[in-house]
Amino acid sequence: ILKGNGFKWATGNCLDTEKWLNMQLIDFIPKDTKRKLKRKTYEPNATIVFAEKPNEYVHFIIEGFAEAYIPNEDGAFANIYAYKPGNFFGEVEQFYSGRKPVEISAITACTTDRLHKDDFLNWMSADFEAVKFLIREIAHKLIANSERIEEILHLTVKERLLRCIALNH
């Protein structure tokens, strides 16, 4: 049986399993922790998380779209993930203190609910179902990025250039 924030579904039932698969991490947050969320709105192109800077929040996108990318010293960047409402980011930084090369910016006006690192880690330590969901989502991001890299490696230089132009204009 899956339990999270009062949710209980038997995993043997396809409909119940489908509900769980369509859930978002924010759905698992207990009510007392939800009260600690802080809403913030970002203008289009505003940086939400700066590369190489500390980030003490997990962000849940409520409205709008954002993108994760790795900037380089020449001003170019590599897009690595696109976020939409229901997605979250900043979770890895709460467990990892090493280099943080990823920057996240709003593509459109973007509203997020932010949860401080301490509240996030307290919640994770008390809710194994949320931890399993989090790991599933991190694995999804890793696989999606690996597939994207594989796809790009097979492109010709011309195709890469056209892809870059299409993504950035």
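The model shown is predicted, which means the values in this text are computed figures rather than measured ones.
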Hydrophobic cluster of Leu142, others only, ordered by chain and residue number, side-chain cut-off 4.5 Å: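 Its cluster partners, ordered by chain and number, are none at all.
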
Hydrophobic cluster partners of Phe65 (side-chain heavy atoms under 4.5 Å):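 Besides Phe65, the hydrophobic cluster comprises Ile107, listed by chain and residue number.
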
Using the test side-chain hydrogen bond (donor to acceptor under 3.5 Å, both in side chains), find all partners of [X] that sit at least two apart in sequence or belong to another chain.
X      : answer
Thr108 : none
Glu56  : His116
Thr33  : none

Please identify each residue that fulfils side chain to side chain contact (heavy atoms under 4.5 Å, CB included) with [X], with sequence neighbours left out.
X      : answer
Ser97  : none
Asn55  : Val49, Tyr57, His59, Glu93, Gln94
Phe50  : Thr47, Lys53, Glu103
Glu147 : Ile143

Partners meeting salt bridge (Lys or Arg N to Asp or Glu O under 4.0 Å) with Glu52 (sequence neighbours left out):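 In terms of salt bridge (Lys or Arg N to Asp or Glu O under 4.0 Å), with neighbours along the sequence ignored, Glu52 is linked to Arg99.
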
For the student: nearest non-hydrogen atoms of [X] and [Y], plus distance:
X      : Y      : answer
Ala106 : Ile48  : N-CD1, 3.9 Å
Pro101 : Pro71  : O-CD, 3.5 Å
Pro44  : Ala109 : CG-N, 3.5 Å
Phe88  : Tyr83  : O-CE2, 3.4 Å

Measure the spacing between [atom1] of [X] and [atom2] of [Y] and express it to the nearest 0.5 Å.
X      : Y     : atom1 : atom2 : answer
Cys110 : Lys40 : SG    : NZ    : 11.5 Å
Tyr81  : Asn79 : OH    : CG    : 13.5 Å
Ile80  : Ile70 : CD1   : CD1   : 4.5 Å

[X] (side chain) donor-acceptor with [Y] (main chain) under 3.5 angstrom:
X      : Y      : result
Lys100 : Gly98  : yes
Asp27  : Gln24  : yes
Asp119 : Leu115 : no

Minimum side-chain heavy-atom gap Phe28-Glu129 below 4.5 Å: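 With C-beta onward as the side chain, the pair touches.
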
Salt bridge (charged side-chain N to carboxylate O under 4.0 Å, His left out) contacts in which one or both residues fall within residues 78-91, not counting sequence neighbours: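 Of all non-adjacent pairs touching residues 78-91, those that pass salt bridge (charged side-chain N to carboxylate O under 4.0 Å, His left out) are Glu91-Lys141.
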
Pairwise salt bridge (charged side-chain N to carboxylate O under 4.0 Å, His left out) hits with a residue in residues 107-117, at least two apart: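 The answer is Arg39-Asp113.
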
Single-linkage hydrophobic cluster, 4.5 Å side-chain cutoff, [X] and [Y] together:
X      : Y      : result
Leu37  : Met124 : yes
Ile61  : Ile29  : no
Ile104 : Val92  : no

Stepwise side chain to side chain contact (heavy atoms under 4.5 Å, CB included) check, Phe95 with Leu134: CA-CA 12 Å; Phe95 298 101; Leu134 175 69; 3.9 Å; yes

From CA spacing to verdict: side chain to side chain contact (heavy atoms under 4.5 Å, CB included), Phe60, Val58: CA-CA 7 Å; Phe60 301 90; Val58 176; 3.9 Å; yes

Ser105 and Tyr69 side chains, donor-acceptor separation under 3.5 Å: yes

